Amino acid sequence: MSWFPWLLTRWPSSALYLLLINVVGRQTGLEVIQAIQCTQWGATSSKSNFQDGDMIIGGLFNLYYTPSAVEQGFTKLPHYKPCTGLDLMSLKNTYAMVFALEEINRNSTLLPGVKLGYRILDSCFNSLWALQAALSLIGGDAHSCNSTASTSSAAYEQPGEKAGGQSVPLLIGAASSTTTLILSRILGPFSVPLISYLASCPCLSDRYKFPNVFRTIPSDVYQARAMAQLAIRFRWTWIGAVVINNDYGNLAVQTFQRETQGKGVCLEFIETVGRETIVSDARRAALKIQASTAKVILIFCWYTDVKKVFLELAKINVTNRQFLASEAWSTSDELLNDLAISKVASGVLGVAIRSSKIPGFENYLRSLHPTRRPEDDFLREFWGMEFGCSPGATQSQAVPLSSYLSPLHVSISSPTKRSLQKASLPPCSGKESLEEVQNHFTDTSQLRVAYNVYLAVYATAHALHSLLSCPNRDSSSGRTSSCSSSKQIKPFELLQTLNKVNVTTPQGERFFFQGADIPAKYDLVNWQNTHEGSLKLVLIGRVDGFDLHLNESAIEWNTGSNQVPVSVCSESCPPGTRKANRKGKPPCCFDCIPCAEGEISNQTGSLLSVTTAVFVLFLYYHQTPVVRANNSELSFLLLLSLKLCFLPTERKCLPLYIYTDYNLCYVAVPQPPCASARSWPEKNTKKHLMAR
């Protein structure tokens, strides 16, 4: 540990400095005296959802939209504008975590006598904020230290410390591949397990680089392969792609290209969009789509980014494209119900996270009330948004709208602050209820990401149960452990157990981690028009591993019909012509030029069909006098040779061999490309086909 004192002198005082030092102390038991006074840079989010327990499980969710980026000059503290807009789907996912934990706490056989608590923080679609929140959870959220404070956990514990200050041994999150990758790099040396419910980057399957990452969503390898199979199945050889400029988008499109390599599928363009520059990027992508000749467009983006692109396409009236959707947006209610983009998005064909049921979850959501959950900051904000009132306030208490707009302790200009303070929400009557509310939050008909979160919680519980049930947990060090207290469990023990845990949910579903991954299961969905003008989600198939099962007759394409759209760079060459590749163009783009004199063009498939029919006919009547008189063995040989000649899939001009018999009868047989037409060798004339 000689690097540690050096780190203390080299790393300036900051939030990450203090939190990382605290993490080292808590996870390794190292006692290091700090020689400087330090305070935390800024503060982590004041909003959280927590519940105390014998062991606390941390959760990271993108509950708010990404703030606008501000250019940093590196001469003063970083400044970010506040996140705004509570995401109801993400909020529902947090309650899937809470519901699973409360369900486990009521279970008499799984972790009996152990109460699991939780602390849930927002990462705001920002990797840096996610890192700060994660270190806050792992390190116990220490805010200050003095010159004599040590990094041992006792130095940070305060009397009556709530769950928010208790360190967690495991994180459920993050909600993106890039953030999960960053967290794994930082928390990997401390063996803190991460169970992500949305990080699908194939890179995270590498156990050497990311040994502490697990996930309840399949790797994008399976999703990209399913999309490649769809492109090949429908003969879409000319495709455009729009991807988010991060690990999720870039690696997904690379996998798609790898899966279609050598199978006649080409990408006309790949447009990248960034979340911080989405307005200009969406406009550029829309213009690229409009100018392209590809009629099928593949999109690997988050649904908020896709909405921006679709709105730009609607402005320029581009409604004749068939979109292939990744799981990040293929089931978005916000897109399905937006009438402004319904003509653009009609007919979307997508791969979706499998849909599952969680019994009792809908009733649980509708029973939520802020008066019964005073520690839940997110529920209070949702209540204010839904009912337009401030829960728990009296008539003399006015709650500023700023509390519902700014999820973090960030600077707000004085004029803005004054204008926000003028507007306030009236107190709630107490009669408000979610029983009759119908929105994205209360809809549990198709639980996808929420079910992934649910599985992550049960994986954690089964790992803890294995550790607490063992008779000799610490046998590797020669010491005997009673396994009676959850306080004794270390992150590295939890990490080792997760690698071999078998999970069984209350619904009887069983799964286990294959390295970082779980077996791949997807739904195939289609966006179809409704009478109201919006779009509805229709299940048309499924993906199990690398196997694709599709009901083609149930698909409604972007044209509104059952006719499969055509997306090719060049049409197939007609009989009498051959392909000629265009210089500097992909192999999917070619010209059709006439065959030279003495050559023919085979028609792929149909000439083969006629030959097969004649072969079957001869075989069926092979004992008849007519067939026997025509030398049946030679006839079968010639017919079989003809079938083999017609097998090439590419249209080419083929020279002719001419069989000549003594009675001047000719039979033309196509052969592979070679010299011009020539007569059958004289020595074979005795084995000719005789005309009777």
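Side-chain atoms are counted along with the backbone in the values below, which use heavy atoms only and exclude waters and symmetry mates. On a predicted model such as this, the values are computed, not experimentally measured, just so you know.
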Between E509 and R354, does any side-chain N to carboxylate O distance fall below 4.0 Å?
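A salt bridge is present here (some side-chain N lies under 4.0 Å from a carboxylate O).
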When you measure from the side chain of [X] to the backbone of [Y], do you find a donor-acceptor pair of N or O atoms at a distance under 3.5 Å?
{"X": "D523", "Y": "V525", "result": "no"}
{"X": "S466", "Y": "H462", "result": "yes"}
{"X": "D443", "Y": "N439", "result": "no"}
{"X": "K92", "Y": "A450", "result": "no"}
{"X": "S330", "Y": "A325", "result": "no"}
{"X": "S48", "Y": "F50", "result": "no"}
{"X": "R119", "Y": "G58", "result": "no"}
{"X": "H549", "Y": "G541", "result": "no"}
{"X": "Q528", "Y": "A554", "result": "yes"}
{"X": "Q132", "Y": "A130", "result": "no"}

Show the nearest heavy-atom pair for residues [X] and [Y], with the distance to one decimal.
{"X": "F512", "Y": "N502", "answer": "CB-OD1, 3.5 Å"}
{"X": "E493", "Y": "T497", "answer": "O-OG1, 2.8 Å"}
{"X": "A459", "Y": "I195", "answer": "CB-CD1, 4.5 Å"}
{"X": "C124", "Y": "N62", "answer": "N-OD1, 3.7 Å"}
{"X": "S200", "Y": "S177", "answer": "N-OG, 3.2 Å"}
{"X": "S127", "Y": "I182", "answer": "CB-CD1, 3.7 Å"}

Heavy atoms from other residues, nucleotides or ligands near CZ of R372 exceed 12 (cutoff 6.0 Å):
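Correct, the count exceeds 12.
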*asked:* Using a 6.0 Å cut-off, check whether atom CD of E436 has over 12 heavy atoms from anything other than its own residue.
replied: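 Result for CD/E436: open.
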Is there a side-chain contact between [X] and [Y], using heavy atoms and a 4.5 Å cut-off?
{"X": "T460", "Y": "L170", "answer": "yes"}
{"X": "M89", "Y": "Y303", "answer": "no"}
{"X": "S191", "Y": "Q496", "answer": "no"}

- Taking atom CG of L324 and atom CD1 of I299, what is their separation to the nearest 0.5 Å?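 Output value for this atom pair is 9.5 Å.
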### Task
Find the distance between CG (L194) and CG (L181) and round it off to the nearest 0.5 Å.
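So the CG of L194 and the CG of L181 are separated by 10.5 Å.
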Check: [X] ring centroid to [Y] ring centroid under 6.0 Å:
{"X": "Y454", "Y": "Y458", "answer": "yes"}
{"X": "F125", "Y": "W302", "answer": "yes"}
{"X": "F361", "Y": "Y451", "answer": "no"}
{"X": "Y522", "Y": "Y222", "answer": "no"}

Handout entry: Cation over ring face, R207 and F214, 6.0 Å, 45°
Key =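 Because its charged atom sits under 6.0 Å from the ring centre and within 45° of the axis, R207 does stack over F214.
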List the steps, then state whether side chain to side chain donor-acceptor pair (under 3.5 Å) holds for D247 with T178. CA-CA 6 Å; D247 295 308; T178 299; 3.3 Å; yes
Step by step, work out the side chain to side chain donor-acceptor pair (under 3.5 Å) result for D517 and Q514.
-> CA-CA 5 Å; D517 305 322; Q514 300 171 338; over 6 Å; no
Task: Residue of the set V348, V538, L349, T331 for which side-chain contact (heavy atoms from CB on, under 4.5 Å) holds with W527 - done: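 The option that passes is V348.
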- Task: Using the six-membered ring wherever Trp is involved, compare the ring planes of Y64 and F378 and label them parallel, tilted or perpendicular (cut-offs 30° and 60°).
- Result: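 If you compare the ring of Y64 with that of F378, the planes turn out tilted.
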Could you check V98 against R373 for side-chain contact (heavy atoms from CB on, under 4.5 Å), going step by step and ending with a plain yes or no? CA-CA 12 Å; V98 176; R373 307 181 70 89; 3.4 Å; yes
Worked check of side-chain contact (heavy atoms from CB on, under 4.5 Å) between L434 and F441:
CA-CA 10 Å; L434 295 176; F441 181 75; 4.0 Å; yes
Worksheet item: Can you check side-chain contact (heavy atoms from CB on, under 4.5 Å) on T444 and I358, steps first, answer last?
Response: CA-CA 8 Å; T444 61; I358 303 180; over 6 Å; no
Verify whether one side chain among S205 and R215 offers a donor that lies under 3.5 Å from an acceptor in the other.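 Judged by distance alone, the side chains do pair up.
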* Asked: After noting the C-alpha distance and the side-chain angles of L63 and K47, does the key distance pass the side-chain contact (heavy atoms from CB on, under 4.5 Å) rule?
  -> CA-CA 11 Å; L63 287 162; K47 293 185 179 181; over 6 Å; no
